[in-house]
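Here is the structure we will look at.
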2 protein chains.
Amino acid sequence: MSAASIKEVARHAGVSLGTVSNVLNRPNRVAPATRQRVLDAIAELGYVRNDSARQLRAGHSRTIAIVVLDVANPFFTDVVRGAEQVVEEAGAMLVVCNSGEDRARERRHLELLEEQRVRGVLITPVGHGGQPDLERLHNRGIPVVLVDRESGRASCCSVAVDDVLGGRLAMEHLLERGHRHVAYLGGPFTIPQVADRHAGAAAALAAHGDTSELRVAPTDTLTVSAGRRAAAELVALPAAQRPTAVFCANDLIALGVLQELTTRGLRVPDDVAIVGYDDIEFAGAAAVPLSSVRQPREQLGRTAAQLLLEEAEAGATHRHRHVVFQPELVVRHSSDQARR
Amino acid sequence: MSAASIKEVARHAGVSLGTVSNVLNRPNRVAPATRQRVLDAIAELGYVRNDSARQLRAGHSRTIAIVVLDVANPFFTDVVRGAEQVVEEAGAMLVVCNSGEDRARERRHLELLEEQRVRGVLITPVGHGGQPDLERLHNRGIPVVLVDRESGRASCCSVAVDDVLGGRLAMEHLLERGHRHVAYLGGPFTIPQVADRHAGAAAALAAHGDTSELRVAPTDTLTVSAGRRAAAELVALPAAQRPTAVFCANDLIALGVLQELTTRGLRVPDDVAIVGYDDIEFAGAAAVPLSSVRQPREQLGRTAAQLLLEEAEAGATHRHRHVVFQPELVVRHSSDQARR
DNA sequence: CAAGCTGCATGAAACGATTCAGAAGGGGGT
DNA sequence: ACCCCCTTCTGAATCGTTTCATGCAGCTTG
């Protein structure tokens with residue numbers, strides 16, 4: 001029952017405080033016989049280090065936090081798994097926080113993390129990431145790595161995927177298949193990915209030297225149900241105005257669209273082609289296997305964690321880095337048919 | 001840069017340590033004018049509470065941990081979201097740890113959490129949950145709530161879903177549709193859910209008073225790819241021996257099975273019917289919308305968190321409770337056809 | 001044999017917040 | 001004028017660890 005402290009261990013083993021601490025932290029400084037005596041006492045009392053005290057002394061914890069936009073989104077769960085690998089290898093602990101794309105919750109989390117003096121923060125910020133919150137952390141000496149955001153010249157490392165390129169790849173593919181009337185589904189546009197993927201698609205269309213239009217159907221979140229709602233609106237359009245293909249800002253939206261279109265009697269890809277984004281595990285398992293833009297999700301997490309640990313080690317000598325990965329288009333049945 | 005302490009705030013505001021602490025913790029004990037002066041000093045210095053110190057004094061943290069078998073499994077992400085709601089309402093913080101169904105990792109996490117003196121632990125333990133690790137936590141005075149496990153008479157609360165019933169519902173449904181040759185896919189059987197769902201299915205079959213056999217095809221994990229592999233083996237069987245329906249221990253397996261069967265040219269539900277378990281969001285969006293046994297996932301998380309907070313408040317006066325939810329069968333196209 | 005090492009062990013001094021007994025000052029009641 | 005109470009503020013003690021200057025043997029070495 002309850003908390004045996006280092007002091008009681010010391011008394012039990014007949015040594016001083018410092019010696020117990022040494023057994024714990026630099027065992028080779030302690031004579032084998034003494035060490036054993038202390039270890040026995042520890043076992044007997046069921047002593048467990050008090051991390052608060054240790055942290056208090058050290059000035060910071062051995063915890064690293066990752067703040068994601070949505071814990072239930074497979075994209076982020078994979079990023080988390082990647083980060084986890086690296087963090088645990090380093091003997092630290094990863095805590096996962098969920099901002100739910102809500103700025104207030106994000107701020108609340110960051111405040112708590114700051115109070116806990118976490119060793120560093122991996123974050124996909126709500127919005128652009130130019131937040132003063134992040135600046136504050138940095139000023140406090142807490143390294144921050146932006147995940148899936150480019151930090152520009154900002155005061156932290158970043159790991160991102162070239163979303164403009166991803167949008168371009170998707171659009172070029174659709175153009176090649178003969179689609180001229182394409183809709184872009186996703187939102188909110190305050191999320192840089194949503195905006196970048198759109199920009200890439202728009203650029204591809206422009207480069208194609210065509211007067212065709214990229215219809216934009218903004219959604220309020222990146223979820224399956226948002227996709228269903230957006231698709232319902234498309235179906236309601238007169239057939240002549242209805243796009244022949246949709247490019248979705250992520251796979252959840254795309255799955256929602258697929259579901260709704262099918263329910264409403266439209267065939268994919270015959271009536272409407274679909275390209276998603278993220279290539280989550282379920283994309284290939286969907287009603288119609290989904291074309292999608294694949295991102296190296298776990299690697300994103302791993303790299304982010306590595307950069308963070310590096311910065312935490314290096315301290316002032318650290319130079320910020322910006323890693324950008326290339327996405328890759330995976331064509332499946334949902335868009336694999338020439339138009340007309 | 002760096003850490004203004006409460007002492008510096010005090011000096012800056014021309015008051016004593018204790019007063020600053022009072023402003024932080026019992027503002028109404030402090031005269032308005034003084035309070036304002038302190039708040040100004042706090043703002044000016046950018047002071048942020050040091051939680052380690054606070055914890056050290058308090059003896060425990062305000063953090064609650066949830067240890068799940070797989071962060072990427074939609075079942076758990078929903079449980080996490082439920083727990084999150086409750087925990088955040090209580091002003092605490094939820095940290096998510098991933099055991100990955102690995103006992104060693106689970107133990108490592110629990111050790112770290114114990115060192116951190118977390119306020120409580122929600123856990124879906126690897127295996128049955130009779131672990132000495134959990135016993136230890138409990139002895140230390142750290143409340144533990146089992147999630148999706150029944151604790152028997154054990155020394156903690158638990159929140160579970162009646163998996164035997166779930167298995168029974170699924171099997172009765174298949175029998176009703178005329179299936180006599182059914183396979184159960186899932187594993188490892190060391191996971192109680194896997195065993196319970198099987199037990200329920202087997203019981204239903206026995207009750208049906210039939211000599212038919214419940215073929216068991218064990219898998220090593222509960223993932224999409226394990227489902228694909230298991231399905232590949234079924235397909236390899238001579239047609240006469242091949243089951244006409246499969247009941248899967250979870251939806252990920254079911255999706256894998258669906259994918260593989262379709263790829264190999266078998267039609268669902270015509271050639272083989274499928275029933276999954278969990279009713280994850282993607283179940284309805286699958287190639288053939290998946291019948292599945294639905295569990296109240298978020299509510300599981302919410303209830304677990306509530307029980308935990310209750311126990312943390314109540315202390316010794318607390319009486320352990322065991323909540324069991326009822327699952328519900330959702331019939332979709334993948335099994336909605338009478339046999340023959 | 002003195003001087004200098006080396007290897008071990010010691011215990012006081014932080015770290016930063018909370019708490020609590022008590023001091024100081026200001027009314028109000030008698 | 002006196003006493004008591006109440007509000008407001010004070011500062012020392014405490015939580016459990018790590019670290020560091022110091023002490024103390026027992027050796028080697030010249």
Side-chain angles (χ1 to χ4, degrees), chain A residues 2-39 41-42 45-63 111-112 114-119 140-142, chain B residues 2-39 41-42 45-63 111-112 114-119 140-142:
Chain A
S2 82
S5 80
I6 217 178
K7 205 182 297 181
E8 304 177 50
V9 173
R11 197 158 42 77
H12 209 81
V15 298
S16 77
L17 285 196
T19 302
V20 178
S21 178
N22 280 332
V23 170
L24 258 28
N25 302 305
R26 295 94 108 193
N28 48 332
R29 297 266 163 95
V30 179
T34 319
R35 191 192 312 154
Q36 195 52 52
R37 215 146 24 97
V38 171
L39 289 175
I42 286 178
L45 295 176
Y47 166 77
V48 174
R49 246 210 205 93
N50 183 327
D51 208 45
S52 318
R54 198 233 271 267
Q55 276 180 41
L56 174 57
R57 191 86 226 295
H60 61 81
S61 81
R62 278 152 37 252
T63 303
E111 277 167 5
L112 284 177
E114 196 178 345
E115 289 190 6
Q116 305 202 15
R117 304 289 192 268
V118 289
R119 197 70 205 277
R140 252 239 148 36
I142 299 180
Chain B
S2 84
S5 79
I6 214 178
K7 205 181 297 181
E8 305 177 48
V9 173
R11 198 158 42 76
H12 210 80
V15 297
S16 78
L17 283 195
T19 302
V20 178
S21 179
N22 279 333
V23 169
L24 258 28
N25 301 304
R26 295 95 108 190
N28 49 331
R29 297 262 164 98
V30 179
T34 318
R35 190 193 312 153
Q36 194 52 54
R37 214 146 25 96
V38 172
L39 289 176
I42 286 178
L45 295 175
Y47 166 77
V48 174
R49 244 208 206 92
N50 184 327
D51 209 46
S52 319
R54 199 232 271 267
Q55 276 181 40
L56 173 57
R57 192 87 225 297
H60 60 80
S61 81
R62 281 151 36 252
T63 302
E111 278 168 2
L112 284 178
E114 196 177 346
E115 288 190 4
Q116 305 203 15
R117 303 289 193 268
V118 289
R119 197 67 205 278
R140 252 240 146 35
I142 299 180

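Owing to the predicted nature of the structure, the values given are computational and were not obtained by experimental measurement. A, B, ... follow the sequence lines: proteins, then strands. Residue 1 opens every chain.
When distances run from any side-chain atom of Arg57(B) to the nucleotides dT14(D), dG16(C), dT18(D), the shortest one goes to dT14(D). Candidate nucleotides dT17(D), dC9(D), dG16(C) were compared by shortest atom distance to the side chain of Ala31(B), and dC9(D) ranks first. Taking only side-chain atoms of Ser16(B), from C-beta outward, the nucleotide of dG11(D), dA9(C), dA14(C) with the closest atom is dG11(D). Nearest nucleotide to the Thr34(A) side chain, out of dC8(C), dA17(C), dT8(D): dC8(C). With distances taken from any side-chain atom of Ser5(A) to the nucleotides dT19(C), dT17(D), dC15(D), the minimum falls on dT17(D).
Minimum heavy-atom separation, Ser52(A) to Asn50(A): N-OD1, 2.8 Å. In plain terms, the two heavy atoms of Val30(B) and Arg35(B) that are nearest each other are O-NH2, 3.2 Å. Taking every heavy atom of both residues into account, Asn25(B) and Arg49(B) meet most closely at OD1-NH2, 2.9 Å. Between Ala4(B) and Arg140(A), the shortest heavy-atom contact is N-NH2, 4.2 Å.
The distance from atom CZ of Arg29(A) to atom C1' of dT10(C) is 15 Å, rounded to the nearest whole Å. To the nearest angstrom, P of dT18(D) lies 9 Å from CG of Asn22(A). The CD atom of Gln36(A) sits 13 Å away from the P atom of dA9(C) (whole-angstrom rounding). Atom CZ in Arg11(B) sits about 15 Å away from atom P in dT10(D), given to the nearest Å. One atom, CD of Gln55(B), and another, C1' of dC15(C), lie 14 Å apart when rounded to the nearest Å. As a whole-Å value, the separation of Ile6(A) CD1 from dA14(C) C1' is 15 Å. Atom P of nucleotide dA13(C) and atom CG of Leu17(A) are separated by 13 Å, given to the nearest angstrom. Atom CD in Gln116(B) sits about 14 Å away from atom P in dT17(D), given to the nearest Å.
Neither OP1 nor OP2 of dC15(C) sits under 4.0 Å from any side-chain N or O of Arg117(A). OP1 or OP2 of dT18(C) sits under 4.0 Å from a side-chain N or O of Asn25(B). When the side-chain nitrogen and oxygen atoms of Thr19(A) are compared with OP1 and OP2 of dT10(C), one or more of them lie within a distance under 4.0 Å.
Between Ser52(A) and Gly14(B), the residue anchored nearer the 5' end of DNA chain D, judged by the nucleotide with its closest heavy atom, is Gly14(B). With the nearest nucleotide of DNA chain D identified for both Ala53(B) and Val30(B), Val30(B) has the one nearer the 5' end.
Heavy atoms of Val20(B) sit nowhere under 4.0 angstrom from any nucleic acid atom. Counting any heavy atom pair closer than 4.0 Å across all strands shown, Asp51(A) reaches no nucleic acid atom. Using a 4.0 Å heavy-atom cutoff across all strands shown, Ser21(B) reaches at least one base atom of the nucleic acid. Residue contacts shown for Arg26(B) are limited to sugar-phosphate atoms, with no base heavy atom under 4.0 Å away.
Under the 3.5 Å distance criterion, the side-chain polar atoms of Arg37(A) are matched with a main-chain donor or acceptor of Ala13(A). Judged purely by atom type and a 3.5 angstrom limit, Arg117(A) has no side-chain atom pairing as donor or acceptor with the backbone of Gly59(A).
Residue side chain Arg54(A) does not reach the base of dT17(D) through any donor-acceptor N/O pair under 3.5 Å, judged by distance alone.
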